[in-house]
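First listed ligand is number 1; within each ligand, the first listed atom is number 1.
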Amino acid sequence: MSVIKRYENNPILTKDDVPYPVVTVHNAAVTKYKNKYVMVFRSHLHNGRSILGLAESEDGYYFRVQETPFMTPSKEGVFKEYEEYGVEDPRIIFIDGEYLITYSAYSRHGVRIGLAKTKDFKTVERYSLVTEADHRNTVIFPEKFNGLYARLDRPHSEISPWSIWISYSPDLKFWGESKLIIKPMQYHWDEMKIGPGAPPIKTDKGWLNIYHGVFPTMDGSVYRLGVALHDLKDPSIINGISDDWILQPEEPYEITGYVHNVVFTCGAVPENDGTVKIYWGGADTVMNVGTANINELVDMCLSKSRKAI
Ligand code: BMA
């Protein structure tokens, strides 16, 4: 049996729930705001480029979509140039009284990461482009370490398989002290590339990082989810990383769609009862949710651990 229990009414959000024309609904960030669940989801438009929409829910399962998109490619300043091809795969955290949204900004110059801020999910302010080209999957920790913000991300590399790195910043604008902390493992479910998924969740035993890993097959790549546990005080230290995946494409809405065989997470919401709602895009086409016990995920990291590097 899977450690994640899929919600019986998956998918929870599809293009048919969106009041403007889109062809997909996937790879959504989810957070809590004023006792509600807020989802910022990615949609492909009919021209193949992506925008971000917003949906709200009382229970984390039934979401209503806002009439108009939440973020479309910027028409101003430096963001205009670097978001020309679209905005994708958002992640949200809450820190210092505001929500930070990291997202992939696509343009003719490549893919880099944008950081936007909101306090109310009505207005959103672009803050900075926090990487150069060839970075994706950036999640910021919801706490500082020795006065510095910390983020995980996944730069592209031609020499090494694409891996998870950590960097630090005093102001969310200038980032440094970068270090590779988790590498794909050869002939393993995540051997081709890995990337941060949901923003890290604080537990008694460490920061739980739900990440994605990719395995190449004769029939294309398979995207699965796994878990790693980062040290509470020094998140560059990996105290355990599960040898087994926690979720793989199994249901029709994960196996078939825009891109086959994909489960991809950008958000998870920990609950007071020790469970976590994990949200994932299925086949780059629809949004799904499932629940897991946080202690069980932590145990998988510690008891069935493989090497991080
Ligand atoms: C990755 C990203 C994700 C996508 C995944 C599967 O490279 O583009 O947005 O969900 O591929 O297609």
Report yes if the side chains of P21 and H46 come closer than 4.5 Å at any heavy-atom pair, otherwise no. yes
State whether E83 and R49 are salt-bridged, where the test is any N-O pair (Lys NZ or Arg NE/NH1/NH2 against Asp/Glu carboxylate O) under 4.0 Å. no
Which protein N or O atoms sit under 3.5 Å from any N or O of ligand 1? Give atom names and distances.
from: ligand 1; atom 1: 7 (O); to: R136; atom 2: NH2; distance (Å): 3.1
from: ligand 1; atom 1: 7 (O); to: Y223; atom 2: OH; distance (Å): 3.3
from: ligand 1; atom 1: 9 (O); to: N27; atom 2: ND2; distance (Å): 3.1
from: ligand 1; atom 1: 9 (O); to: R42; atom 2: NH1; distance (Å): 2.8
from: ligand 1; atom 1: 9 (O); to: D89; atom 2: OD1; distance (Å): 3.4
from: ligand 1; atom 1: 9 (O); to: D89; atom 2: OD2; distance (Å): 2.6
from: ligand 1; atom 1: 10 (O); to: N27; atom 2: ND2; distance (Å): 2.9
from: ligand 1; atom 1: 10 (O); to: D284; atom 2: OD1; distance (Å): 2.7
from: ligand 1; atom 1: 10 (O); to: D284; atom 2: OD2; distance (Å): 3.4
from: ligand 1; atom 1: 11 (O); to: Y223; atom 2: OH; distance (Å): 3.0
from: ligand 1; atom 1: 12 (O); to: D284; atom 2: OD2; distance (Å): 2.6

In Å and rounded to the nearest 0.5 Å, what is the CZ to CD1 distance from F94 to I140? 14.0 Å
Look at R64 together with E58 and state whether they make a salt bridge at an N to O cut-off of under 4.0 Å. yes
Do NZ/NE/NH1/NH2 and the carboxylate oxygens of D89 and R42 come within less than 4.0 Å? yes
Indicate yes or no: does K122 engage D120 in a salt bridge with an N to O separation below 4.0 Å. no
